[in-house]
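Everything below concerns the one structure shown next.
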Amino acid sequence: MKNEWPLWEIFIRGQHGMSHRHVGSLHAPDAEMAIKNARDVYTRRNEGVSIWVVEANHIAASSPSDKGPLYEPSESKVYRHPTFFDIPEEVGAM
Amino acid sequence: MYAQMIKSEATQDDPEKLAAFQARIDAGEKIEPKDWMPEGYRKTLIRQIGQHAHSEIVGQLPEGNWITRAPTLERKAILLAKVQDEAGHGLYLYCAAETLGVSRDEITEMLLDGRMKYSSIFNYPTLNWADIGAVGWLVDGAAIMNQVPLQRTSFGPYSRAMIRICKEESFHQRQGYDAIRKMAEGTPEQKKMAQDALNRLWYPSLMMFGPSDKDSVHSAQSMAWKIKMNTNDELRQKFVDQTVPQAEYLGLTIPDPDLKWNEERGHYDYTDPDWSEFFEVIKGNGPCNVDRLAARNKAWDDGAWVRDGLLAHAKKKAARQHAAE
Ligand SMILES: [Fe+2]
Ligand SMILES: [Fe+2]
């Protein structure tokens, strides 16, 4: 609309040394205000120790129709998982 | 509920696509914003999520009314935190609605000019401190009844918003019950106030679940799409069954002389609210409809210079930075 604040996607790092995780979005005039608003909207109960904000229109995303070409190739490569290989018990943990 | 009487939009999409879409929902898959979806699904959800969001925002008014007059500093801090949560709930839900292609300003303006509704419950006044306890206990209690199953709704952003909201709602109901319990266990005068609050808010709380199933014509499509998880009467019954023992513990009487345990059904029998009152409130003729909309319009108009000013400042700063690079 005429004068709407841009949309920001909000990423928060939880307490436990995890990656930042997408938690939602909000409107703000600039990055500084987006961080302040994210503090109020998404961390009212100690949910985070760090906040990233990214303007939503800067995010490029894969499209649902690419699902096949993107992810099917990995389905046939079962040897990428450790359970593919039988290791004799005598060898011990591996 | 917070979304009452949501009419399912008719859909005129390719039958093959519709069948594939329904199969995804039946398999328990989540629908995400960029996925194909029927136009009716999109429109119904915008209306439902929007109405839910508006309810969270307008719902701040009856409680905000008592922040400055809370009986102790602790109650004041608790109520402030509760009302702040409701603002957050509104924001989570507006963002979920926006992923369906409606802008924040558009959806706000539809509330402000009356094209979109909010829950009928917020058109009732909070006359005294006992009402604040009763609102947390009954109104948030009723909201939880419907929000818990909605965590499993088919639309991903709506489901995620519900999960966040449900994490916070239990605090809301418990602080309300704690506040009204203090009064029910207080002086005879305080107990009378608690009873009076229950008397006034009981039927409006039952109305939150929407009309009786026999008059609720739009449920089937929404239930198939998993954007409505239970019928109105199912949830209302659940609410009554849960609330009666809570009132008994307080020594308060539910204002329904015909309320009694039905051994055979395993549920309480209860009296339906006066549906003509409900429809009047929905039409705009409740005790506070005019005040509520006026307050929201005033906040929007008075805030215009802040929104415009901050945006102008951000643009100027960005331009200056651009020039310096
Ligand atoms: Fe809420
Ligand atoms: Fe709440």
Side-chain angles (χ1 to χ4, degrees), chain A residues 1-16 18-48 51-72 75, chain B residues 21 24 29-37 80-99 102-110 156-158 160-161 163-165 167-168 170-171 303-319 321:
Chain A
M1 295 280 295
K2 315 140 261 180
N3 243 352
E4 197 165 290
W5 289 349
L7 189 70
W8 299 76
E9 298 299 334
I10 310 303
F11 299 81
I12 297 212
R13 184 202 298 284
Q15 306 279 41
H16 313 293
M18 309 287 262
S19 314
H20 284 75
R21 206 166 64 92
H22 182 246
V23 293
S25 42
L26 52 76
H27 289 270
D30 57 25
E32 195 187 328
M33 284 296 292
I35 290 176
K36 285 188 173 139
N37 289 350
R39 196 276 312 257
D40 289 342
V41 180
Y42 291 109
T43 67
R44 289 196 302 281
R45 289 178 176 78
N46 291 321
E47 288 97 334
I51 299 172
W52 287 353
V53 301
V54 184
E55 216 181 308
N57 62 19
H58 290 158
I59 290 184
S62 65
S63 113
S65 57
D66 289 340
K67 220 167 122 193
L70 284 179
Y71 311 117
E72 267 163 30
E75 276 170 24
Chain B
F21 178 79
R24 289 191 61 196
E29 278 182 45
K30 293 286 182 229
I31 309 301
E32 295 298 338
K34 285 182 141 193
D35 296 348
W36 184 87
M37 63 185 78
L80 199 56
K82 198 268 189 193
V83 172
Q84 193 189 10
D85 276 355
E86 304 301 2
H89 296 180
L91 294 181
Y92 309 153
L93 287 161
Y94 281 134
C95 287
E98 285 175 79
T99 66
V102 64
S103 84
R104 178 72 63 89
D105 281 6
E106 270 165 6
I107 204 165
T108 303
E109 278 159 11
M110 284 193 274
Y158 192 23
R160 292 190 284 275
I163 291 170
R164 291 194 73 84
I165 287 175
K167 275 194 195 144
E168 301 176 347
S170 168
F171 151 59
W305 69 272
V306 180
R307 295 192 299 276
D308 293 348
L310 284 176
L311 192 63
H313 174 69
K315 279 184 180 157
K316 213 164 151 188
K317 223 171 52 180
Q321 202 169 19

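Here is the naming used below: chain letters follow the sequence lines, and residue numbers restart at 1 for every chain.
Rounding to the nearest 0.5 Å gives a distance of 13.5 Å between CG of A:D30 and NZ of B:K316. Put simply, OG on A:S65 and NZ on B:K34 are 9.0 Å apart, with the number rounded to the nearest 0.5 Å. In this structure, A:W5 CH2 and B:R104 CZ are separated by 10.0 Å, a value rounded to the nearest 0.5 Å. Taken from CZ in B:R307 to NE2 in A:H27, the straight-line distance is 12.0 Å, to the nearest 0.5 Å.
Taking both residues in full, the closest heavy atoms of B:A314 and A:P29 are given as CB-O, 3.4 Å, listed atom of the first, atom of the second, then distance. The shortest heavy-atom contact between B:R164 and A:V23 is NH1-CB, 4.0 Å.
In this structure, the portion of B:L91 lying under 4.5 Å from any heavy atom of chain A is its side chain and not its backbone. Contact annotation for B:E98: only side-chain heavy atoms (C-beta onward) come within less than 4.5 Å of a heavy atom of chain A. Heavy atoms closer than 4.5 Å to chain A are found nowhere in B:R160, neither backbone nor side chain. There is no contact between A:A28 and chain B, counting heavy-atom distances below 4.5 Å. Residue B:K167 does not touch chain A at all, counting heavy-atom pairs closer than 4.5 Å.
Within 6.0 Å of the CH2 atom in A:W52, the count of heavy atoms belonging to other residues, nucleotides or ligands does not exceed 12. Atom NE2 of B:H313 has 12 or fewer neighbouring heavy atoms from other residues, nucleotides or ligands inside a 6.0 Å radius.
Counting heavy atoms from C-beta on, the side chains of A:E4 and B:S103 come closer than 4.5 Å.
The choice from B:C95, B:A318, B:G88, B:A304 that makes the most heavy-atom pairs within less than 4.5 Å of chain A is B:C95.
In summary, B:D85 and A:R45 engage in a salt bridge, as defined by a charged side-chain N under 4.0 Å from a carboxylate O.
When the side-chain hydrogen bond (donor to acceptor under 3.5 Å, both in side chains) test is applied to A:R21, no partner is found at least two apart in sequence or on another chain.
Along residues 31-38 of chain A, the residues that come nearer than 4.5 angstrom to chain B, judged on non-hydrogen atoms, are A:E32, A:M33 in order of number.
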